[in-house]
Amino acid sequence: MSRNLVANYTSRIWSGVATFIFLPAYIRLLGQESFGLITFATTVLGVVFVLDMGLSSAFARETARGGSPDDRAALLRSLEWVYGTVCGLGIIIGLALAVPLAETWLNPATLSSQRVAICLAMMIPAAFLQLWMALYLGGLLGAERHVLAAQFQIGFSAVRSGLVLVPLYFVPEVELVFAWQLVVSLIALWWLRRTAWRPIAFTRQPRFSQAELNKIRGFAGGMFLIAIIAAVNTQSDKLVVSKLFSLEELGTYTLASLMGQIPSLISLPIAVTILPRLTRFAASESQDALSELFLVYSLAIGALSILSGLTIFLAAEALLELVVGQPVSGEVVAVCKILAVGGVFLAAQYMPYHLALAYGHTRTNVVTGLIAAVLVPAAMVWGSLQFGLLGAAIPWLAMNIIATVILAMSIIPRFLGPRLLHWAALALLLPGCVSVATLLPAQYFFSSYDGAFTRLFKILPFVLLASTAHLVIFRRMTKSHAATEVRNGTIT
C-alpha cells in the first residue's frame, strides 16, 4: 500500500505544483480574461462528470472485490457502450449549446462571443473525453495499480497543460489552448483504454451484458446521486460567479479557490489509496483492523489538511501575489482564507465518506448532499448579490462544516460503533492543536514591509516544525495499527 500511497501523492503533488507553475504563464501570455475562460473549463469538467453516473466508482469497487476475469471484461465492455453513448450525445448537445452559453451566460469584456463560442465548442468535447477516461482509471485504481494510474495522470497533465505553453508562446491565442487539449485528450483516451484492457485475462470474447450492469446498478445509482450533489456543491460557487461577474473576476475567484482547496486536494490520495483495503476488511468482517486503519488515516488526513489549511490562511496574500505576479485585493485574500478553512472540513469528510463506500452505503451521503444542493446555491446567489465574491465563498464554508458533523455522526457509529469521539480527537482536535501551537507564532514575525518571498520564508521553519510533530504522532499510531494487523492476521 505504501507504493500506492507514494504514487497517489506524487500525482497529487505534481498536479498542485504544476497548476501554480503554469497559471502565471497563462496569465502573462493571454491576459486575465482569457485565463478566466480557461478556468471555466474546470467548471465545465466538474458538471460533465455528473454523467459518470457513479459507474467508474462501481467498476473500481467490483475490480477491488476480485472475481472472474470474464465477468470483469464483460462489465468493462458493457460500460464502454454506456460511456460511448453518453459522451456522444453529450458532445452533440454541448456543441449546440456553445453559442447560447457564449452569448447569455458568460460575460466577456474584450473577447468576442464568437471566439468564446469556438472555445466552448472544443472545451466541451474535451471534457467528455476526460469523462470516458474515468472508467479506465477506476479500473486501475480498483486493481491497486496506483503507480500506473499516477504515471498516466502526471504525463497527461504535463502534456495537456504544460507543453501547450511552447506553441502558445509563439501564438498567444486562447483558442490554441482548447484545440491542444482536445487533441491530447483523444490520444490519452486511446492509450488509457489499451492499458486498462491489457491485464484482463478473459477467456471468451467480452460482449455487452445487461446482467453485469444490473450487478452494479444499486451502488452506481447511489454514486450517481452523490455525483450530482458533489457537482452542485463543488461547482455552484463558480457557476454563480461565472454568471454574475466578469470572466476576469471568475479567473481571480477560481485562482483563490484552487489555493483554498489545497487542504482537501492533498488529503484525497490517502482516502483513495486505502479504499480497496477498507472494502476488503468490510467484506471479511475484520472489524478491529478496519477500525484501526480508519483511525490511523483519519489522523493523517487531519494533520495534512489542517497544517496546509492554516499555512494558506496565514500566507494567502503572499501566495496569491506570487502566482498572479502582483498584489491582489483584500477581497480575494479573504475568499482564499475562507475557502482554505472550508477545504479543511471537506477533507475531514473523506474518511467517513469512504468508510460508507466500503460497505456499499450511499444513502447518508445522498440525503445530506441533497439538502445542501438545494440550499447552498440559493445562498450563494443571494450572498454574491449582497457581498460580492465573499458571498459565494461563505455558504460553501458553512456547507462543509455542517456536512462534516452530519456525516461523522451518522456513518461512524453505524459501522464502527462507539468510535465517534475517538475519530474527532484524532482527525480534528489533536492535529488542530499541534498545528495552531506551532504555526500561529509565525504571524508575529511578519512585517508590513515584507515581500511575498520573505513572508513565505519566515513561515517555512514553523511549517517544518509542525510537520515533524505530526510525523512523530503518526508513526506512533502506525506502529499500533501494525500490531493490530499482526494479531488479526490481516497484513497483506
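This one's a predicted model, so the numbers in the text were calculated from it and none came from an experiment. Side chains are part of it too, since the values below use all heavy atoms of this structure and drop only hydrogens, waters and symmetry mates.
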Pair C336-L320, side-chain contact (heavy atoms from CB on, under 4.5 Å): steps then yes or no: CA-CA 9 Å; C336 185; L320 288 168; 3.9 Å; yes
Stepwise side-chain contact (heavy atoms from CB on, under 4.5 Å) check, F474 with V296: CA-CA 7 Å; F474 180 71; V296 164; 3.6 Å; yes
Which value, rounded to the nearest 0.5 Å, describes the distance between [X] atom [atom1] and [Y] atom [atom2]?
X    : Y    : atom1 : atom2 : value
L106 : F40  : CG    : CZ    : 4.5 Å
Q130 : L137 : CD    : CG    : 10.0 Å
L299 : I473 : CG    : CD1   : 7.0 Å
T39  : Q32  : OG1   : CD    : 9.5 Å
T42  : M123 : OG1   : CE    : 9.0 Å
S267 : I306 : OG    : CD1   : 9.5 Å

Are [X] and [Y] close enough that some pair of their side-chain heavy atoms sits under 4.5 Å apart?
X    : Y    : value
L168 : V177 : yes
L456 : L460 : no
I274 : F281 : no
W423 : L428 : yes
L290 : L355 : yes
L250 : F245 : no
L192 : W132 : no
L416 : S291 : yes

Which pair of heavy atoms, one from [X] and one from [Y], lies closest together, and at what distance?
X    : Y    : value
V164 : L176 : CG2-O, 4.4 Å
I266 : L304 : CD1-O, 3.9 Å
V436 : P441 : O-CD, 4.0 Å
L439 : A466 : CG-CB, 4.5 Å
F22  : G162 : CZ-CA, 3.3 Å
V44  : A127 : CG1-CB, 4.2 Å

Within the distance-only criterion (no hydrogens, no angle test), does the side chain of [X] pair as donor or acceptor with the backbone N or O of [Y] below 3.5 angstrom?
X    : Y    : result
Q386 : G391 : no
T195 : W191 : yes
S308 : S305 : yes
T404 : F345 : yes
Q349 : N400 : yes
W180 : V159 : yes
T311 : L307 : yes
Y26  : S161 : yes
S34  : G31  : no

Evaluate the ring planes of [X] and [Y], with Trp represented by its six-membered ring, and classify them as parallel (under 30°), tilted (30 to 60°) or perpendicular (over 60°).
X    : Y    : answer
W382 : F387 : perpendicular
Y359 : F415 : parallel
H354 : Y350 : perpendicular

Worked check of side-chain contact (heavy atoms from CB on, under 4.5 Å) between L339 and Y253: CA-CA 10 Å; L339 295 178; Y253 180 90; 4.2 Å; yes
Worked verdict on I38 versus F178 for side-chain contact (heavy atoms from CB on, under 4.5 Å): CA-CA 8 Å; I38 292 172; F178 296 108; 4.1 Å; yes
Between S246 and E249, a side-chain donor and acceptor under 3.5 Å: yes
